[in-house]
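Structure first, commentary second.
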Protein chains: 2
Amino acid sequence: MNKYYSITELTREFGISTRTLRFYEDEGLIHPERRGRTRLFRPADRRLIQEILRGRRIGFTIAEIREIIQVYKDPPGEMGQLRLLMSRVEEKREELRQKRKDIEDTLAELDNVEEACLTRLAEIGVGT
Amino acid sequence: MNKYYSITELTREFGISTRTLRFYEDEGLIHPERRGRTRLFRPADRRLIQEILRGRRIGFTIAEIREIIQVYKDPPGEMGQLRLLMSRVEEKREELRQKRKDIEDTLAELDNVEEACLTRLAEIGVGT
DNA sequence: TTTGACTTTTACGTCAAGGTCAACGATAGT
DNA sequence: ACTATCGTTGACCTTGACGTAAAAGTCAAA
């Protein structure tokens, strides 16, 4: 069985362009199979793309995403490397926690904006 | 009294460049006062810059940030405009909620990475 | 067999968000 | 008077993440 996805199938599912997927391959993020020159994406490739897009949404660069992928498929074996990796992971987490806070603050602000809008609408409504 | 901040004072506080602040002025995000040609930033400007940087951290573009600022200083008075604004605000909120979820998922993943690292370190430690 | 939908590679274009550099003015310290 | 430090404008440069167009191959349906 082993279903394959075509490139446009995936671009449609994820709302991205073929250029983007080819670009991600050039950048070493994904490695779809080939039949002749044509790319064949397997479920694992699909899941990887989902993760890439998630990384993109939260503002990771291609380089950062590549790095995370590397860690997953090939965790370093040497001690110093491991420690280095861990400290970099901790940095990333701190950054993400900050970002989460930023988002929560902004969501709260947007609540205010919405309320102000509703008030304003009521005023106008009354005047009409 | 009415304290003023100099441009470098602010760049140091926020870890950004003078170019960035001047760029934000060109883009109409801030409007510091002037004494001659020199910019004078007031506390209100400073707070605005903080909000701009928060927007930047969560991935808003300059245009989006400008738009939000506009809403704050000049909420639309016309009904259709208000409805339009509210729907756009709701879109933004949905986007932010998605982003928050992405961040939480990624934080969970980074937990796993860290654990894997610790396990690996223990293995190496034992072998040493 | 021609049309249409899909695929490929190569290569130049674009856009946002600043970086960088030049050339200069104002002010303060030595 | 000289040097440092901080400020200005204006112009071009850079980087990341793709967009877009050209030229061509594959395959199924009409």
(request) May I have the distance from A:F23 (atom CZ) to C:dG13 (atom C1'), rounded to whole angstrom? (result) 15 Å
(request) Apply the test salt bridge (Lys or Arg N to Asp or Glu O under 4.0 Å) to residues A:R22 and A:E25: give CA-CA distance (whole Å), side-chain angles for both, the deciding distance (0.1 Å), then the verdict. (result) CA-CA 5 Å; A:R22 294 190 187 112; A:E25 185 178 3; over 6 Å; no
(message) Quick check on contacts: within residues 40-59 of chain A, what sits under 4.0 Å from DNA chain C by heavy-atom distance?
(response) none
(request) Describe the nucleic acid contact of A:R22 in one word from base, sugar-phosphate, nothing, applying a heavy-atom distance below 4.0 Å. (result) base
(request) Answer yes or no: is there a donor N or O on one side and an acceptor on the other, between the side chain of A:E64 and the main chain of A:T61, under 3.5 Å? (result) yes
(request) Please report, rounded to the nearest Å, how far the P atom of C:dT7 is from the CD atom of A:E33. (result) 16 Å
(message) Taking B:R54 first and then A:D102, would you say they form a salt bridge - that is, a charged N and a carboxylate O separated by under 4.0 Å?
(response) no
(request) Step through the shown structure and confirm whether more than 12 heavy atoms of other residues, nucleotides or ligands are within 6.0 Å of CZ on B:R97. (result) yes
(message) Base, sugar-phosphate or nothing for A:T18? Non-hydrogen atoms, less than 4.0 Å.
(response) nothing
All N/O pairs under 3.5 Å across the protein-nucleotides 20-22 of chain C interface:
residue: C:dT20; atom: O4; partner: B:R19; partner atom: NE; Å: 3.2

(message) For C:dG19 and B:T20 - does any side-chain N or O of the residue sit under 4.0 Å from the phosphate oxygens OP1/OP2?
(response) yes
(request) Taking only Lys NZ, Arg NE, NH1 and NH2, and the carboxylate oxygens of Asp or Glu, determine whether B:K3 and B:E9 approach each other closer than 4.0 Å. (result) yes
(message) Are A:T11 and A:T8 packed together at the side-chain level, in the sense that at least one heavy-atom pair is separated by less than 4.5 angstrom?
(response) yes
(request) Report the distance from atom CD1 of B:I16 to atom C1' of C:dA17, rounded to the nearest whole Å. (result) 13 Å
(message) Between B:E104 and A:L96, is there a side-chain heavy-atom distance shorter than 4.5 Å?
(response) no
(message) Quick one, B:K99 and B:E95 - any side-chain contact, counting heavy atoms below 4.5 Å?
(response) yes
(request) List the atom of A:L82, the atom of B:C117, and the distance in Å for their closest heavy-atom pair. (result) CD2-SG, 3.8 Å
(message) Taking B:R39 first and then B:E33, would you say they form a salt bridge - that is, a charged N and a carboxylate O separated by under 4.0 Å?
(response) no
(request) Compare side-chain N and O positions of A:R37 against OP1 and OP2 of C:dC6 and report whether any pair is under 4.0 Å apart. (result) no
(message) Check this for me, if you would: do A:D105 and A:K101 make a salt bridge, where the nitrogen-to-carboxylate-oxygen distance has to be below 4.0 angstrom?
(response) yes
(message) Judged by each residue's nearest nucleotide on DNA chain C, which is more toward the 5′ side, A:T38 or A:D26?
(response) A:T38
(message) If I take atom CD1 in residue B:I65 and atom C1' in nucleotide C:dG18, what distance separates them, rounded to the nearest angstrom?
(response) 13 Å
(request) Classify the nucleic acid contact of A:R34 as base, sugar-phosphate or nothing, counting any heavy atom under 4.0 Å across all strands shown. (result) sugar-phosphate
(request) Under 4.0 Å from any heavy atom of chain A: name the first and the last nucleotide of DNA chain D that qualifies, 5' to 3'. (result) D:dA17 to D:dT20
(message) Students often get this wrong, so: under 4.0 angstrom with heavy atoms, is B:R66 touching a base, only sugar-phosphate, or nothing?
(response) nothing
